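Beneath this line is the structure, given in structure tokens, with notes to follow.
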Amino acid sequence: MIDAISFIALSAFGVLLPIFWPRWRLRRVLARPLPPAALDILRRKVPVVGRLAPGLQTQLHRLIVQFLHQKKFIGCAGLEVSDEMAVTIAAQACLLLLNRPSKVYPALHTILLYPGEFVARRDQVGPGGVVTPGRSSMLGESWDDGRVVLAWDAVQRGTADWSDGQNVVLHEFAHQLDSESGRANGAPYLGSPDSYRNWSEVLQRDYQHLRFHAMHRQRTVMDHYGATNPAEFFAVATETFFEKPWQMAEHHAELFAEFAKYYRVDPRQWQAQPPPPPAEELPAAPHGHAAGW
């Protein structure tokens, strides 16, 4: 009888340990503040963090601690990942999670980091379904199998200028959020049917406007790469929302409002308002829009 009870107890322990052990470890990790060395990295490498309200900074520090605890960084092509690299990337990725009751990228487990531009295989499907192997030079990739790939020199350029709307970390982690709804299609998890209706209407209209301006090579607030497809539009719009919020709010007011509802922050509070651009610098939106998203 005692052996049977012991066996049942040990079996139960073996079943419950994998469930409760990670939670216990995470609670212990989160009980410790972000180390002074990491705070110094934030001050030097991601200065925008210092412009956040104290409450947001506290949130961000906690998110960074969890990110660094749960995600694995792997250096590629001879790169040795340093604490500076990991903290710099974690801070920017976690900016997208502020004020949002969500887990810290639950499907993500690995960040692959190259020293610079890397080559990825890209098969091209031609007429008749013929597949032709190809290769493309990349600065970042987001995969739905739990991986994000980044070029460290591009990461550094993104943090060096927080006003140009070009940030590979924000871009690729926006794809991660997008894919949480099932697939990366420009419609992340929003929570309610009404939210999806408003989101679809606004994003589809501005996506079509960006495609129009890209086709005619007209200057726009958002990078023309966002005209590639709805998923890339969401990622590029995320870069713009966080790095060029004043311009986005002026030229894409409804789009800015949708992103402010989704991300639950207003990045204009972190930046001084830029001087107005010369008259007619940005084109007006074309009339009409296509339905659907």
Side-chain angles (χ1 to χ4, degrees), residues 21-76 79-114 140-152 154-156 158-159 162 167-180 184 188-189 235 238-239 241-243 262-265 267 270:
W21 176 252
R23 297 178 186 176
W24 180 81
R25 288 190 62 212
L26 178 59
R27 283 198 299 269
R28 289 200 63 186
V29 168
L30 293 178
R32 299 192 292 266
L34 199 61
L39 293 173
D40 181 63
I41 292 169
L42 293 180
R43 180 185 59 80
R44 292 184 293 103
K45 303 299 294 186
V46 198
V48 68
V49 172
R51 299 195 288 270
L52 271 61
L56 288 181
Q57 289 192 43
T58 300
Q59 273 192 58
L60 184 64
H61 293 172
R62 184 179 175 88
L63 289 166
I64 293 170
V65 168
Q66 183 171 349
F67 189 100
L68 295 175
H69 171 68
Q70 294 180 326
K71 316 306 177 188
K72 182 178 183 180
F73 286 81
I74 297 177
C76 303
L79 180 68
E80 183 175 344
V81 178
S82 65
D83 290 344
E84 180 173 292
M85 296 173 183
V87 171
T88 298
I89 292 167
Q92 294 172 88
C94 291
L95 276 175
L96 306 185
L97 305 179
L98 291 170
N99 289 338
R100 302 176 65 232
S102 59
K103 297 181 180 180
V104 179
Y105 301 104
L108 176 70
H109 52 74
T110 304
I111 296 92
L112 301 170
L113 195 58
Y114 284 83
E141 279 191 306
S142 175
W143 292 81
D144 58 9
D145 63 356
R147 294 179 296 160
V148 164
V149 191
L150 298 168
W152 173 239
V155 173
Q156 291 180 294
T159 57
W162 200 266
N167 188 298
V168 69
V169 178
L170 298 181
H171 186 104
E172 300 307 335
F173 280 88
H175 282 315
Q176 284 288 308
L177 293 177
D178 191 5
S179 64
E180 287 180 2
Y189 178 73
T238 294
E239 294 176 87
F241 176 76
F242 280 94
E243 291 208 349
Y262 175 68
Y263 283 116
R264 304 187 183 190
V265 292
W270 315 336

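From a predicted model like this one, the values you see are computed outputs, not experimental measurements.
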Candidate pair Q59 and L52, rule side chain to side chain contact (heavy atoms under 4.5 Å, CB included), full reasoning: CA-CA 10 Å; Q59 273 192 58; L52 271 61; over 6 Å; no
Beyond-backbone contact of E180 with P106, side-chain heavy atoms, under 4.5 angstrom: yes
Shortest non-hydrogen contact from K45 toward T88: CB-OG1, 3.5 Å
More than 12 heavy atoms from other groups under 6.0 Å of CG on D40: yes
Side-chain heavy atoms of R147 within contact of H109, under 4.5 Å: yes
L177 CG to E172 CD distance, which is reported to the nearest 0.5 Å: 12.0 Å
Atom pair CG/CZ of L95 and F242 - distance to nearest 0.5 Å: 6.5 Å
Gap separating the CD atom of Q156 from the CD1 atom of I89, nearest 0.5 angstrom: 9.5 Å
Heavy-atom closest pair, residues F173 and I111: CZ-CG1, 4.3 Å
Note, L56 side chain near W270 side chain (heavy atom, < 4.5 Å): yes
Heavy-atom pair with the smallest gap, counting every atom of A91 and L42: CB-CD2, 3.4 Å
Check: K71 and Y105 side chains under 4.5 Å, non-hydrogen atoms: yes
Heavy-atom check, side chain of F67 versus side chain of L97, under 4.5 Å: no
Geometric class of the F241/Y263 ring pair [parallel <30°, tilted 30-60°, perpendicular >60°]: parallel
Over all atoms of both residues, closest heavy-atom pair of L113 and A151: CD1-C, 4.4 Å
Gap between atom OH of Y114 and atom CD1 of I74 - 0.5 Å precision: 10.5 Å
Sub-4.5 Å side-chain heavy-atom contact between L68 and F73: yes
Inter-residue atom distance H61.NE2 - L63.CG, 0.5 Å rounding: 10.5 Å
Stepwise side chain to side chain contact (heavy atoms under 4.5 Å, CB included) test for V48 and E243: CA-CA 10 Å; V48 68; E243 291 208 349; over 6 Å; no
Nearest heavy-atom neighbours spanning R100 and Y262: NH2-OH, 3.1 Å
Qualifying residue, where the test is side-chain contact (heavy atoms from CB on, under 4.5 Å) with Q92 and the options are V168, V169, V49: V169
Nearest heavy atoms of S142 and V148, plus distance in Å: OG-CG2, 4.2 Å
pair N167-T238: side-chain heavy atoms closer than 4.5 Å: no
Side-chain donor/acceptor of W162 to backbone N/O of V46, under 3.5 Å: no
Spacing of CD1 belonging to I64 relative to CD belonging to Q57, to within rounding of 0.5 Å: 10.0 Å
Close side-chain approach of Q176 to L96, heavy-atom, < 4.5 Å: no
